[in-house]
Structure formats: structure tokens, C-alpha cells
Amino acid sequence: MGAPTWGIHAIWSDARAVRHPAIVRPIRTIPGAAGPTLIYPWYDGSVLNHATVRGADRSALTRFQRLPAPQIEVALDAILDAHLAVSAVGLVAVDLYDGCFLYDFAATRMWPIDLDEYRPGPFVLAADRLPGSRR
């Protein structure tokens with residue numbers, strides 16, 4: 001077994017809990033032998049880079065890239081601002097990429113999702129590599 005996985009859920013119960021309007025907070029936590037299962041409220045939107053069994057679906061990313069630049073900037077500002085809020089409590093992103101972004105095209109709102117790979121930083125890597133692309 002490798003180094004422990006640190007999720008953003010690990011700090012929500014801490015006194016330094018991250019509060020940011022773009023971060024979707026779980027509505028329920030179910031303890032389990034392999035760790036907690038977090039239940040989140042439903043948000044409309046499309047994952048910008050949706051990994052599938054047959055590869056990746058980047059159709060939402062392509063659609064997002066075609067939006068007017070000011071609209072893209074507002075969406076990315078929400079992600080960066082949320083990321084800064086998380087890093088302010090001493091955590092560093094390990095696996096943050098466009099597959100962690102849910103964009104609601106109708107409401108023009110970006111949500112960071114799948115924030116399960118933040119770790120207290122800096123940290124020593126206890127494996128050959130971090131998660132993510134091998135490219």
C-alpha cells in the first residue's frame with residue numbers, strides 16, 4: 001500500500017475547513033472499509049474532459065473553448081480562486097486537470113469537482129509517479 005490519499009474531504013471537518021462558493025460540498029458522508037464515500041448534490045453541467053472506457057470525450061472542452069474569451073476567463077477565475085482557497089490551508093493539487101471541471105453552459109458557471117487528490121504540501125512522493133497521463 002502506498003502513501004495515503006489525501007482528499008479535500010479530509011479537511012472539511014477540520015477547523016481550517018475550506019469554504020468557497022465554487023466548491024461543491026458533500027451533503028452526506030458514508031464511512032466504509034476503504035474510506036469514506038461522499039455524496040454530493042446534483043449540479044447541471046458537462047465535464048470538460050470526460051474519461052471513458054474507450055478514451056476521452058472532449059466534446060464539452062471543445063464547446064467551452066469556442067465560448068467568448070471573457071466568458072472563459074470568468075469560468076477559469078472561479079477555478080483558480082477556489083484552488084487558491086484550498087492552497088491557503090496548506091494543500092497542494094496532485095491531479096487537477098480539465099476532467100475536474102464541470103461547466104454549466106446554460107448558467108455559465110464552472111464547478112471544480114473530483115477534488116480527491118490534494119495533499120498537505122510539500123510532500124515526498126512515495127511512488128514512481130503521480131496519477132494522471134503518462135504522456
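Source: prediction; values computed, not measured.
- Across Pro31 and Thr29, no two heavy atoms sit closer than the pair CD-O, 3.7 Å.
- Linking ILVMFWY residues whenever their side-chain heavy atoms come closer than 4.5 Å, directly or via other members, leaves Tyr97 and Ile113 in distinct clusters.
- Residues satisfying the ring pair (Phe, Tyr, Trp, His ring centres under 6.0 Å) criterion with Phe101, sequence neighbours excluded, are absent altogether.
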Could you check Leu84 against His20 for side-chain contact (heavy atoms from CB on, under 4.5 Å), going step by step and ending with a plain yes or no?
CA-CA 10 Å; Leu84 288 173; His20 189 278; over 6 Å; no
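- In this structure, CG in Leu80 is found 9.5 Å from CE in Met110, a value given to the nearest 0.5 Å.
- Here the OG1 atom belonging to Thr62 is positioned 9.5 Å from the CG atom belonging to Asn49, to the nearest 0.5 angstrom.
- Residues Ile23 and Val86 are in side-chain contact: their nearest non-hydrogen atoms beyond the backbone lie under 4.5 Å apart.
- Annotation for Ile27: hydrophobic cluster partners, listed by chain and number, are Ile30, Ile39 (ILVMFWY side-chain heavy atoms under 4.5 Å, direct or chained).
- Looking at every heavy atom in both residues, Asp98 comes nearest to Leu48 through O-CB, 3.4 Å.
- Shown here for Tyr103 and Ala75, the closest heavy-atom pair between the two residues is CE1-CB, 3.7 Å.
- Residues Leu96 and His83 approach most closely at CD2-ND1, 3.7 Å, considering heavy atoms.
- Nearest heavy atoms, Phe105 versus Ala60: CZ-O, 3.6 Å.
- By the criterion of side-chain heavy atoms lying less than 4.5 angstrom apart, applied directly or through intervening Ile, Leu, Val, Met, Phe, Trp or Tyr residues, Trp111 is grouped together with Tyr40 in one hydrophobic cluster.
- Using a 4.5 Å cut-off on side-chain heavy atoms (C-beta onward), Val92 and Pro122 make no contact.
- When all heavy atoms are compared, the tightest approach of Leu102 to Asp44 is CD2-O, 4.1 Å.
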